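Contents: one structure, followed by commentary.
Below, all heavy atoms of this structure are taken into account, side chains as well, without hydrogens, waters or symmetry copies. Residue numbers begin at 1 in each chain, while the letters A, B, ... track the order of the sequences. Because the structure is a prediction, the values reported are computed rather than measured.
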There are 2 protein chains.
Amino acid sequence: MSDVTGRKRGRPPRTESADTRDRILAAAREEFSERGYEKTSVRGIAKAAGVDSALVHHYFGTKEQVFEAAVEIAAAPALNAPDLVADGPLDGVGERLTRYIFGVWENPATRMPLLAIVRSAVTNETAAAVFRRLVAAQLLRRIAAHLDTPDAELRAELAAAQLVGTAMLRYVIKVEPLASADVEQIITRVAPVVQGHLSGP
Amino acid sequence: MSDVTGRKRGRPPRTESADTRDRILAAAREEFSERGYEKTSVRGIAKAAGVDSALVHHYFGTKEQVFEAAVEIAAAPALNAPDLVADGPLDGVGERLTRYIFGVWENPATRMPLLAIVRSAVTNETAAAVFRRLVAAQLLRRIAAHLDTPDAELRAELAAAQLVGTAMLRYVIKVEPLASADVEQIITRVAPVVQGHLSGP
DNA sequence: GTCTATAGATCGATAGAC
DNA sequence: GTCTATCGATCTATAGAC
């Protein structure tokens, strides 16, 4: 109707709102991953994204909904994981699972939402629920289904404990020399432990 | 000089301030352990202790100093630990260490400051420093000193990762069935892993 | 020793102008 | 689509009365 100046159809009125939403999401991911849920403020996210705080609410609603949108990306790779690691010969599942987990942590793009979840899950129930849905319900239960011992789920959780604990000390608390160690050296030591939990005596 | 009424020397003037300080400390320990550093408020501690928030500041100063005083008790048993677990035959250190750690976690009195530290260490630098001083510097380094491999410290930290991760899933995130499992069953599975990290190939 | 009062700051969320 | 303005709540910390 209006705008007959010859510009392309459907072009935004004036400013670039094209990727504003994505900029907010990226800023939220960084803030939540660095500070955790409680310490992160909507205003801080807005400032990091270069917009007004009201705009954050306009796009996502409450702070909790911002958090959910920011860590949603972490669900995608985690949901694909079980098939990749659980299927295949049982005696290689330790290495496959360990290699997959550290692959996700070492990738900066996927590490941030994981950091956000871990930093937040210890004090925020929403984040804890995401953690349980991601780790326990999806990953562990399907791995446990491949074992035929009565305490299969406990075994899977103790294997996860080794992986989660290593990630905590390496990526969150940054304890040396673990934080700076070569990831292949870590995998070499951790994979047999995971394998032992799952298929050992 | 004054007070010639026959009362005992040095008796507090009127009210029972005898254990007020301790009540505040106990309340702080409970609040920090349940909510973590950021989510805990000085006012919440005061209310739980049945006093005014100004009194909390009067006794301890800033919120950070309240936190340090509240988790200080956790340092005492941890500092005694290395001698108990590191000394003795190397092939029993896995079980001794695992049994000692879960003993501390299973004791409600010592569990609370540990929960406070873990819940806070992921977002608060003061708590993270306490964690490093407690776990890494004191415990791990002295255990690593008993090993004679070049990567002794890395081995000790991966052993700690299994213990920390198990505590996270059991006591903080409360993932089932690990959270409700018998502690002896857990020790049976975890101790060999710790032993393997420290003295394995 | 304990409390009232309050300064000073930040936060989440909303209404509404442009 | 983006911002200004603002409400109401909450927080740390201090000064000072009793």
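Between B/E125 and B/R132, at least one side-chain nitrogen of the basic residue sits less than 4.0 Å from a carboxylate oxygen of the acidic one, meeting the salt-bridge criterion. Looking at A/R35 and A/E30, no side-chain N of the basic residue comes within less than 4.0 Å of a carboxylate O on the acidic one, giving no salt bridge.
For B/T123, the side chain to side chain contact (heavy atoms under 4.5 Å, CB included) partners at least two apart in sequence or on another chain are A/R119, B/E38.
Comparing the local axis fitted to the first five base pairs of the helix from C/dG1-D/dC18 to C/dC18-D/dG1 with the one fitted to its last five gives a bend of 0°, rounded to 10°.
In this structure, the CG atom of B/L55 is 6 Å from the P atom of C/dC3, given to the nearest Å.
Side chain to side chain, B/E184 and B/T188 fail the donor-acceptor criterion of an N or O pair below 3.5 Å. A donor-acceptor pair shorter than 3.5 Å cannot be found between the side chains of B/T40 and B/E31. A donor atom on one side chain and an acceptor atom on the other are found under 3.5 Å apart for B/Q162 and A/H197.
Contacts of B/Y59 with the nucleic acid, taken as non-hydrogen atoms under 4.0 Å apart, involve only primed sugar atoms and P, OP1 or OP2.
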Reading 5' to 3' through nucleotides 11-18 of chain C, protein heavy-atom contacts under 4.0 Å coded B for base, S for sugar-phosphate only, - for none: BBBBB---
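Between A/F32 and A/Y37, the ring-plane angle classifies as parallel under the 30° and 60° cut-offs.
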Candidate pair A/E34 and A/R29, rule salt bridge (charged side-chain N to carboxylate O under 4.0 Å, His left out), full reasoning: CA-CA 9 Å; A/E34 284 180 358; A/R29 214 132 44 210; over 6 Å; no
